[in-house]
Protein chains: 2
Amino acid sequence: MPKQTPTRADFLRRTLEEDIFNGRLKPGDRLDEQSLAQRFNVSRTPVREALRQLSASGLIEVRPRQGAVVSVITLPRLIEMFEVMAELEGMCARLAARRMTEAERQSISDVVTEAEGFAEQVDLDSYYINNWKFHDAIYSGSHNHVLEEMTRSLHHRTAPYRRHQLNRPGRVHESLAEHKKVVEALLAGDAEAAGKAMYRHVNVQGDVFADFLSTLPTGYLKG
Amino acid sequence: MPKQTPTRADFLRRTLEEDIFNGRLKPGDRLDEQSLAQRFNVSRTPVREALRQLSASGLIEVRPRQGAVVSVITLPRLIEMFEVMAELEGMCARLAARRMTEAERQSISDVVTEAEGFAEQVDLDSYYINNWKFHDAIYSGSHNHVLEEMTRSLHHRTAPYRRHQLNRPGRVHESLAEHKKVVEALLAGDAEAAGKAMYRHVNVQGDVFADFLSTLPTGYLKG
DNA sequence: CCCTCGTTTTATGTATACAATTCATCCTGA
DNA sequence: TCAGGATGAATTGTATACATAAAACGAGGG
């Protein structure tokens, strides 16, 4: 029977992903193979494999013979990402409204209840994690693994950019209200309403998008 | 100034991709690192890197210490893929109807005109390539690189399965008729109609889906 | 005859050494 | 002073050797 021993490369990939999601690694940061090898006490080989995997998922960029950096995207590209995310997350919500089990509905309902506390105390870090849980619950609630993985992947790629979004005063309460709308439709089994609510929640446009951009640290956008 | 020398690993990845798309490598086929290294006269290192990249795109599966095989998917997973593909390609068509340049509209129109000849002569190989061009034109016509890449990736992953679809008598003419409907809406600038036509073209269901399954060689489905 | 356990074999995972290219520096010359 | 190019250093790409885990095989017992 196979033991399924995790490889060092997999561990490295997961660790670096975490670093990017948590902001310890920022867009534009260079990923030096030797430094990483020393930091983790491994050779360059597993480091390279981890970098390749991250590159394939779009989280970092590797240009031949020029090393790897955490992906820095352009503003038009960021807009494109939100355009697609809104569509994908909307589809997730639509399917979730029809397919979620009773346990799953209870679970996402609990997530939103938990969020109310964090929003009240303006505990941004906790709300950030809760927000992640909320979206994840809808991805898996779609009961379509392919859709789930694609949406999650895009969510990951935009994570370094959405991270600062909550710093804007009032954004947390807006976000929570939108989450509630989605869950309401979800529990009612109204697929169209859930899809539209989710679409609007993700597809920040106009003034809201300008506000969002204003939260981005310098160097996060290229071009 | 960087020369941008392509690496061996990149060449290997592209070659192996081609092999999978063309059916030279079939789902379930084992990818032995040593054999590949010998075949291409390189060491195992670039072979491994190519395999990791292919794994990240979903075209092959690498399980730790158990080697790599061309992805074999289950029937439920295949259904999921078509469900998502229909949505994504529908979105591409919707955007393309609004955003395509005049040159792009002319180009896709030419593609369909070319297809009529292949359908008449029942030249399946040529039609297969033409069909690829048609879909590609709509992906890029969306003018959303993120959407384009995601849709193309999923298209690639399903390529080994859609390849045999045209073998069914009459399918070529059906396909062509559907393409024409899409282009018609596209040229008219009717986004909703284009999206729906594309959705229906991709989202094969019911009897048509059963017919499609019947074209699959044995061993292409798992479970 | 089949199942189980231990050994052998083979392939993958990792480390290290070497090659090739890119980038930085410095020198030369206009 | 600045442009251009050559030279050196540093980093990535590749090859090879070794470590280790999983598969294959065979012997022994039930």
Side-chain angles (χ1 to χ4, degrees), chain A residues 1-20 25-72 219 222, chain B residues 1-17 19-20 25-72 219 222-223:
Chain A
M1 183 197 266
K3 270 193 201 165
Q4 287 288 38
T5 311
T7 66
R8 298 188 214 286
D10 279 337
F11 172 75
L12 289 176
R13 179 180 53 71
R14 277 195 297 272
T15 305
L16 291 175
E17 274 178 359
E18 283 289 328
D19 283 355
I20 294 175
L25 284 171
K26 299 186 295 291
D29 282 0
R30 194 176 176 71
L31 295 165
D32 180 59
E33 294 182 1
Q34 277 194 166
S35 313
L36 291 172
Q38 286 187 324
R39 173 177 157 202
F40 292 104
N41 268 336
V42 297
S43 77
R44 275 177 53 219
T45 308
V47 171
R48 282 178 65 82
E49 299 214 340
L51 292 182
R52 298 304 147 134
Q53 291 181 250
L54 289 171
S55 165
S57 76
L59 231 48
I60 72 173
E61 270 180 33
V62 182
R63 294 205 325 234
R65 303 187 182 279
Q66 295 183 52
V69 296
V70 180
S71 292
V72 183
K222 178 172 61 178
Chain B
M1 181 199 266
K3 270 192 197 163
Q4 289 287 36
T5 311
T7 67
R8 298 188 214 286
D10 279 338
F11 172 76
L12 289 176
R13 179 181 52 71
R14 277 194 298 272
T15 305
L16 290 175
E17 272 176 0
D19 283 355
I20 293 175
L25 283 171
K26 299 186 294 292
D29 283 0
R30 192 175 178 73
L31 295 164
D32 181 59
E33 294 182 0
Q34 278 194 161
S35 313
L36 290 172
Q38 286 186 326
R39 172 178 158 200
F40 291 104
N41 268 336
V42 296
S43 79
R44 275 177 52 218
T45 309
V47 171
R48 283 178 65 82
E49 299 214 340
L51 292 183
R52 296 304 148 130
Q53 290 180 249
L54 290 171
S55 166
S57 75
L59 231 48
I60 73 174
E61 270 180 35
V62 181
R63 297 213 313 245
R65 303 194 175 276
Q66 295 185 47
V69 297
V70 180
S71 291
V72 184
K222 177 173 63 176

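Sequence lines set the chain letters: A, B, ... in the order given, protein chains first and strands last, and positions in each chain run from 1. The analysis underlying the following values was restricted to heavy atoms, covering all of them including side chains, and did not include hydrogens, waters or symmetry mates.
- Regarding F11(A), its CZ atom lies at a distance of 12 Å from the P atom of dT14(C), rounded to whole Å.
- Using a 4.5 Å cut-off on side-chain heavy atoms (C-beta onward), I20(B) and I60(B) make contact.
- Looking only at side-chain heavy atoms (C-beta outward), D10(B) and Q53(B) come within less than 4.5 Å of each other.
- Atom pair R30(B):CZ and dT10(C):P shows a separation of 14 Å (rounding to whole Å applied).
- Atom pair E49(B):CD and dT12(C):P shows a separation of 16 Å (rounding to whole Å applied).
- Considering only heavy atoms from C-beta on, T15(A) stays 4.5 Å or farther from E18(A) through its side chain.
- Considering only side-chain atoms of R65(A), the nucleotide from dA15(D), dT12(D), dA11(C) that sits closest is dT12(D).
- Residue L51(A) contributes atom CG, which lies 14 Å from atom P of dT14(C) at whole-angstrom precision.
- Contacts of T45(B) with the nucleic acid, taken as non-hydrogen atoms under 4.0 Å apart, include base atoms.
- As judged by a 4.0 angstrom heavy-atom cut-off over every strand, R48(A) is placed among the base-contacting residues.
- When each of dA15(C), dA11(C), dG13(C) is scored by its nearest atom to the side-chain atoms of D32(B), the top-ranked nucleotide is dA11(C).
- The phosphate of dT10(C) has neither OP1 nor OP2 within less than 4.0 Å of any side-chain N or O from Q34(B).
- Atom CZ of R8(A) is separated from atom C1' of dT12(C) by 13 Å (rounded to the nearest Å).
- Checking dG13(C), dA15(D), dT11(D) against every side-chain atom of P64(B), the shortest atom distance belongs to dG13(C).
- With a 4.5 Å cut-off on side-chain heavy atoms, V42(A) and L12(A) count as touching.
- A sub-4.0 Å separation between OP1 or OP2 of dT12(D) and a side-chain N or O of R52(A) is absent.
- Side-chain contact between L31(A) and L51(A) is present, with heavy atoms from C-beta onward closer than 4.5 Å.
- Here the P atom of nucleotide dG13(D) and the CD atom of E33(A) are 6 Å apart, to the nearest Å.
- Rounded to a whole Å, the CZ atom of F40(A) is 18 Å from the C1' atom of dA15(C).
- Each of dA15(D), dG13(C), dT12(D) was ranked by its minimum atom distance to the side chain of R44(B); first place goes to dG13(C).
- We find that CG of N41(B) is positioned 15 Å from C1' of dT16(D), with the value rounded to whole Å.
- A close approach under 4.0 Å does occur between a side-chain nitrogen or oxygen of Q66(B) and OP1 or OP2 of dA23(D).
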